[in-house]
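Data first, discussion second: the structure below is written as structure tokens.
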Amino acid sequence: MAEPSTLTAKEFRTEIWNDWCPGCGDFGILNALHMALAQLGIPPHRTAVFSGIGCSGKTPHYINAYGFHTLHGRVIPSATGGKLANHGMEVIAVGGDGDGYGIGAGYFINAGRRNLDFTYIVYNNGVYGLTKGQASPTLRKGLKTKSMPEQAIIDGINPIALALGAGYTFVARGYALETKSLANLLARAIQHRGTALVDVLQTCPTYNDLQTKEWYAGEDRPDKQSRIYKLEENGYDPVVHNPADEEEIVAKKAQALVKSYENGEKIPVGVFYVLETSTMEDELSERNPEFAKTPLAEADFSQRDVSPLFDELA
Ligand code: SF4
Ligand code: MG
């Protein structure tokens, strides 16, 4: 049995000044990530957090771990490179909905079919917060936030459905303002072997005045019931129990797909789908056992003759 973690969330905090707007849902995600890393006992020197551009892109600055703040939409290729170079690291990619589902959409799709072992957390607030609140790819048609001159004339995408179709082997949705359950969800995603997506519904009080804390809490509804509900409390089972059974995989994906379209008066959070199957690291290790033994970053190339490679490229 694994030893209980002795790390605390405090050990993952940094002294860097945080300039997110007061009340931003990003704080909930950051705190949940600190808690998840402490809970799992992954030390800072074994953790690498990659980010794209956007308010969420500042996350690595606020986590005591290795950090890599890359170009707009390029967080997935950067995290992929990081994991391939050093598979001994716990790699976590973070970014906004505009960064991941808009500008980086091609990378988002192709990460799913590789099934490399890392976690991708998307801060989904329906707007491009850093550039003053334009509609992002998840804002639904007909909605108009206070930052938009007109209502959205094109529809939003369904990230959970896209992830299922792309081949992600762990697909989940969290809510930024329920920090404790989000921390547990992130811990589960990080522990999963394979590419995990956690789409986190995140409030942006500065630009999105529609999907607010009060709206998620259902304060505008006659019954005052929260719009958020937890999948697992309704007996939902996301796990493929026999990964060799194609029919079960399809059935579990179909079940998750139906749930992913509940996005109005009731919004499910939790794990939608889990499949334990071979990862890209497994495939690479099978072809080259050296890869499994020593991460590329630690391999000794000093005695290796690389001239044939240069000859080939000449
Ligand atoms: Fe958060 Fe929105 Fe402010 Fe960005 S603009 S820090 S997402 S509240
Ligand atoms: Mg956004």
Side-chain angles (χ1 to χ4, degrees), residues 13-14 16-34 49-63 67 69-76 79 92-109 119-149 151-152 154-160 162-163 172-179 182 186 197-217 263 267 269:
R13 295 192 195 124
T14 65
I16 309 277
W17 169 254
N18 188 316
D19 61 1
W20 286 331
C21 309
C24 175
D26 287 3
F27 287 103
I29 305 174
L30 178 66
N31 289 337
L33 195 45
H34 288 152
V49 184
F50 291 75
S51 69
I53 297 297
C55 300
S56 58
K58 298 170 193 164
T59 302
H61 305 232
Y62 309 141
I63 297 183
H69 193 166
T70 188
L71 303 175
H72 209 353
R74 283 7 179 220
V75 66
I76 293 263
I92 296 163
V94 303
D97 42 346
D99 190 67
Y101 304 147
I103 293 152
Y107 301 118
F108 167 62
I109 297 295
T119 305
Y120 184 30
I121 305 168
V122 179
Y123 298 32
N124 181 358
N125 56 16
V127 293
Y128 284 87
L130 194 69
T131 53
K132 304 261 183 281
Q134 299 86 350
S136 87
T138 54
L139 195 76
R140 278 191 283 158
K141 186 176 178 180
L143 296 184
K144 178 189 169 307
T145 64
K146 62 180 173 183
S147 55
M148 294 161 56
Q151 62 185 31
I154 51 173
D155 212 351
I157 59 154
N158 178 339
I160 301 292
L162 276 175
R173 181 192 286 138
Y175 178 47
L177 302 187
E178 286 178 3
T179 314
L182 180 60
L186 294 180
L197 170 75
V198 186
D199 178 76
V200 185
L201 303 171
Q202 176 240 319
T203 48
C204 169
T206 302
Y207 295 117
N208 188 335
D209 56 336
L210 302 176
Q211 285 128 0
T212 59
K213 179 180 164 190
E214 294 74 20
W215 182 82
Y216 281 117
N263 189 18
I267 304 172
V269 296

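As the structure lists them, so they are numbered: ligands from 1, and atoms in each ligand from 1. For the single chain, residues carry numbers from 1 onward in sequence order.
Looking only at distances, no side-chain donor or acceptor of Gln211 sits under 3.5 Å from a matching main-chain atom of Asn208. Between the side chain of Ser56 and the main chain of Gly96, a donor-acceptor pair closer than 3.5 Å is present.
The ring-ring contact (aromatic ring centres under 6.0 Å, His included) check on Phe27 picks up Trp20, with sequence neighbours excluded. With sequence neighbours left out, the side-chain contact (heavy atoms from CB on, under 4.5 Å) criterion links Tyr207 to Val127, Lys132, Ser147, Cys204.
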Might you work through the side chain to side chain donor-acceptor pair (under 3.5 Å) test for Tyr101 and Asp199, ending with a clear yes or no? CA-CA 11 Å; Tyr101 304 147; Asp199 178 76; 2.6 Å; yes

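Heavy-atom contacts of Gln202 reach the following atoms of ligand 1: 7 (S) (cutoff under 4.0 Å).
Between Tyr175 and Tyr216, the ring planes lie tilted relative to each other; the angle falls in the 30° to 60° range.
At a heavy-atom cutoff of 4.0 Å, ligand 1 is contacted by the side chain of Asn125 but not by its backbone.
Of all protein N, O or S atoms, those under 2.8 Å from atom 3 (Fe) of ligand 1 number 1.
Listed by first and then second residue, the salt bridge (Lys or Arg N to Asp or Glu O under 4.0 Å) pairs that reach into residues 51-63 are Asp19-Lys58, sequence neighbours excluded.
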